[in-house]
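First up is the structure itself, then whatever we jot down about it.
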Amino acid sequence: MFQQMTALPPDPLLGIAAAYKADSNPKKVDLGVGVYKTEDGKTPILTSVQKSLQILLDSEDSKSYIQPRGNQAFLDNMEQLVLGSSNPLLASGRVESVQAPGGTGSLKLGFQLIKRSNPNAKIWVSGPTWANHVALIKSSGLDHAEYPYYDKANNQLKADEMLETLAQLGPNDVVLLHGCCHNPTGEDLTPELWNKITDLAVEKGFLPYIDIAYQGFGIDLDTDVAGVRHLLSKVPEALIATSCSKNFGLYRERTGLITTVSQTPELASVALSHVLNIAREIYSMPPSYGGAAVGILLSNPELTTEWKGELAEMCGRMRNLRAMLVDKIHERGVDEDFSFINRQNGMFTFLGITPEQVQAMRDEYAIYMAGSSRINIAGISSSNVDYIADAVAAILKK
């Protein structure tokens, strides 16, 4: 059976991680894979999460399956976190959620739901978008296209072109939107653009599908999803895939949820039945550990307050790292303007250098990043920022 197969190339980002690990250069820097890191380069277990996990460990009395839709405390609290605790949608009966294995598992359930509902639907992704978005769409048997989003040459949104493209769409189209902290650009939709996209969704009838992987990593928990909440208050239908990997640090636990917003409570029940059926076909039952921990944390006011403090600290650190990197590069007399990095949000930005310059950064300085020049801001620290700035300046002046 397997003799007919040929090996596939490794995932580009995972290949970068492997090459970084094998590099013996003591000054090496990993700006590739998107995980949060502390000043000493470690991905921490949040204290609030650790306390929640201990409560779970002390109280869990069974390893039987949890309910197919997941941990109810997790689902209820995450809906409030994303939508806002006073959002009338929560009491409308139009919202249903299912716990899934991480943000990727959540996205997959949503794409499979679209495939069942309308096999001819076309998924529109931002240019560029997270690479795995396209792989998930293709593996779900759906067609996809790209709407203009980011102007690499000028480091800004292609706002007019984006709106012109979306204005041509209709009920057979799905528009995949990054809720905040756009991956890979770091360039988020402005409140004005969220309003205009909302108006287009209502007028043209396309389905918004929102990917929220970094809530709280941009400005704060509520500001980061203000545009999302406005959109959801106006459209009859939407999908939301939410990940807990970044803001709760639960990378290994693969914790997320898919949320459907339907036009009526009756249609919400129908959508839920299909999501649960799709989940049954893919992985049968959801994992318990991460969802249970988040459910405990968000049900406990003291732990929630502690978590919000830790999240704000991570967010503030990344904003400071952005400013530090821009200042250090400019101090070296580089002609190019990198101030756009300070305007952006979250873990990522494009340095704006060529693939050849990216390779030179790797070969000459052991600084690893994606070929697109996307870097993980959290990979910067006060101990390596001067080295990174020296390398950028040297490469650009060649």
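Everything numeric here is computed off the predicted structure, so don't read it as measured data.
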Residue set satisfying ring pair (Phe, Tyr, Trp, His ring centres under 6.0 Å) with F206, at least two apart, ordered chain then number -> none
For a quick test of your reading: what N or O donor-acceptor pairs under 3.5 Å do the side chains of residues 83-95 make, sequence neighbours left out?
residue, atom, partner, partner atom, Å
N87, OD1, L89, N, 2.9
N87, ND2, L83, O, 3.0
S92, OG, L89, O, 2.6
S92, OG, R94, N, 3.1
R94, NE, S262, O, 2.6
R94, NH2, V235, O, 3.3
R94, NH2, P236, O, 3.1
R94, NH2, S262, O, 3.4

H133 meets the ring pair (Phe, Tyr, Trp, His ring centres under 6.0 Å) criterion, sequence neighbours left out, with W130, H178
Under 4.0 Å between a Lys/Arg side-chain N and an Asp/Glu carboxylate O for D327 and R332?
no
Got a sec: does the CD of E313 have more than 12 other heavy atoms crowding it under 6.0 Å?
no
Electrostatic pair E310-K51, nearest N-O below 4.0 angstrom
no
Qualifying residue for side chain to side chain contact (heavy atoms under 4.5 Å, CB included) with L81, from D76, L221, D222:
L221
Taking everything shown except D160 itself, do over 12 heavy atoms lie less than 6.0 Å from its CG?
no
Should we say atom NZ of K397 is surrounded by more than 12 heavy atoms from elsewhere, each under 6.0 Å from it?
yes
Identify each donor-acceptor pair in which a side-chain atom of residues 5-23 lies under 3.5 Å from a protein atom, sequence neighbours left out, and give them as a table.
residue, atom, partner, partner atom, Å
D11, OD1, L13, N, 3.0
D11, OD1, L14, N, 3.2
D23, OD1, N25, N, 2.8
D23, OD2, Y368, OH, 2.5

Salt bridge present between E203 and K196 (N-O < 4.0 angstrom):
no
Distance-only donor-acceptor pairs under 3.5 Å for side chains of residues 180-187, two or more places apart:
residue, atom, partner, partner atom, Å
H182, ND1, T185, N, 3.4
H182, ND1, T185, OG1, 2.9
H182, NE2, S126, OG, 3.0
H182, NE2, P128, O, 3.4
N183, OD1, R374, NH1, 3.1
N183, ND2, Y214, OH, 3.2
T185, OG1, E187, N, 3.0
E187, OE1, R343, NH2, 2.7
E187, OE1, Q344, NE2, 3.0
E187, OE2, R343, NE, 2.9
E187, OE2, R343, NH2, 3.3

Taking only distance into account, with no hydrogens and no angle test, what donor-acceptor pairs under 3.5 Å do side-chain atoms of residues 287-295 form with protein atoms, sequence neighbours excluded?
none

Measure from the ring center of Y209 to the ring center of F111 and say whether it is less than 6.0 Å.
yes
